[in-house]
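Okay, structure first, notes after.
We name chains A, B, ... by the order of the sequence lines, and we start the count at 1 in each one.
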There are 2 protein chains.
Amino acid sequence: MREFYTITELTKEFGVSTRTLRFYEDEGLIQPFRRGRTRLYRPADRHLIKQIMRGKRLGFSIAEIRDIIQMYREPPGEGGQLKTIIAKIEERREELRQKRRDLEETLAELDRAEEACLERMAELGVST
Amino acid sequence: MREFYTITELTKEFGVSTRTLRFYEDEGLIQPFRRGRTRLYRPADRHLIKQIMRGKRLGFSIAEIRDIIQMYREPPGEGGQLKTIIAKIEERREELRQKRRDLEETLAELDRAEEACLERMAELGVST
DNA sequence: CATAACCTTTACGTAAAAGTCAAATAGGCC
DNA sequence: GGCCTATTTGACTTTTACGTAAAGGTTATG
């Protein structure tokens, strides 16, 4: 576990541009610390980027990802706020469950499409 | 099962604007037939829209959705093409599996975040 | 010292996916 | 026929998520 990473190291690891990482910083998703003007990313920042990438692959917008990330942060002190956060977590969970249903249905349709292709190939006497 | 639907019926059902459905038509995703100039959507078109919405929720672009939709269409006659399609299906499947992993990991993190909230609330003596 | 290989900010550009608005037309009903 | 509402096309605008270029600071190496 490295103590920190430079911006280009992370761009290579995650397959994104430096522009992208700086953009996420502007958007308040990550806050690498600085040595002079140069950004240095700690393991925690790296993990955040991993979460951002996951969110992106799942089709969440930057704003939504920001929201999700906020929920991972240390829970604040006030009881009412905690309940609000839990409610938000439940909302996200429901969204993710919807995505899971979408995913399973899409996989099922792909299976059917493949079936149809294989059958058609058998009809044509094409070797698999 | 209705024989067809008007554009506004479908916008209400799917929670999108008429602009969106016309946009999808321009993009070649759907081809409702016309009575005069008016669009009429058949059950097959409706099902296509359902697939488009699923794709959108999963974060696919219009171009990707178009690709996926093409794969559902009747398999063409030529053997080489069928193999190409099957290869594409396998690609999409792998993408979807990645999304599923992302999904499960995100759900797990939400669970942990909720745990932390609940613990913190217990500490504070807040009633659940 | 100069060259390379990094890093920085600032600013403008762009593609995708619609939103919005206008003006024209069509269909249904009294 | 007249009116109302739904629908059409077309054009312009907006938002998101970056890309790209300009102009320059920093550090290591020969």
Measure all distances between protein nitrogen or oxygen atoms and nitrogen or oxygen atoms of nucleotides 1-4 of chain D, and list the pairs falling under 3.5 Å.
none

- When you measure from the side chain of Arg2(A) to the backbone N and O of Phe4(A), does any donor-acceptor pair fall under 3.5 Å? yes

- Task: List in chain and number order the residues that pass salt bridge (Lys or Arg N to Asp or Glu O under 4.0 Å) with Arg97(A), two or more places apart in sequence or in another chain; answer none if no residue qualifies.
- Result: Glu90(A), Glu94(A)

- Check: Leu107(B) main-chain N/O paired with Arg93(A) side-chain donor or acceptor under 3.5 Å: no

- Query: Separation of Leu21(B) atom CG from dA6(D) atom C1', in whole Å?
  - Reply: 15 Å

- Note on the structure: Atom CD of Glu64(A) and atom P of dT15(D) are separated, to the nearest Å, by 17 Å

- Item | Gap between atoms CZ and C1', on Arg35(B) and dG27(C) respectively (whole Å) | 9 Å

- Quick one: list whatever passes salt bridge (Lys or Arg N to Asp or Glu O under 4.0 Å) with Arg120(A), sequence neighbours left out. Glu123(A)

- Report, as a single string ordered 5' to 3', how protein heavy atoms within less than 4.0 Å touch nucleotides 9-21 of chain C: B base, S sugar-phosphate only, - not at all. B-B-----BBBB-

- Message: Main chain of Thr38(B), side chain of Arg35(B): is a donor-acceptor contact present, judged purely on distance under 3.5 Å?
- Response: no

- Message: Taking salt bridge (Lys or Arg N to Asp or Glu O under 4.0 Å) as the definition, give me every residue that meets it alongside Glu119(A), ordered by chain and number, with sequence neighbours left out.
- Response: none

- Residues touching DNA chain D, which here means a heavy atom under 4.0 Å, drawn from residues 2-12 of chain B: Thr6(B), Ile7(B), Thr8(B)

- Any cation-pi pair here, Lys12(A) with Tyr5(A), using under 6.0 Å and within 45°? no

- Message: Please check this pair: side chain of Arg100(A) against backbone of Arg100(B), looking for a donor-acceptor N/O pair closer than 3.5 Å.
- Response: no

- Message: Do Met53(B) and Phe14(B) make a side-chain contact, defined as non-hydrogen atoms from C-beta onward lying under 4.5 Å apart?
- Response: yes

- Do side-chain atoms of Glu114(B) reach the backbone of Asp111(B) as a donor and acceptor pair under 3.5 angstrom? no

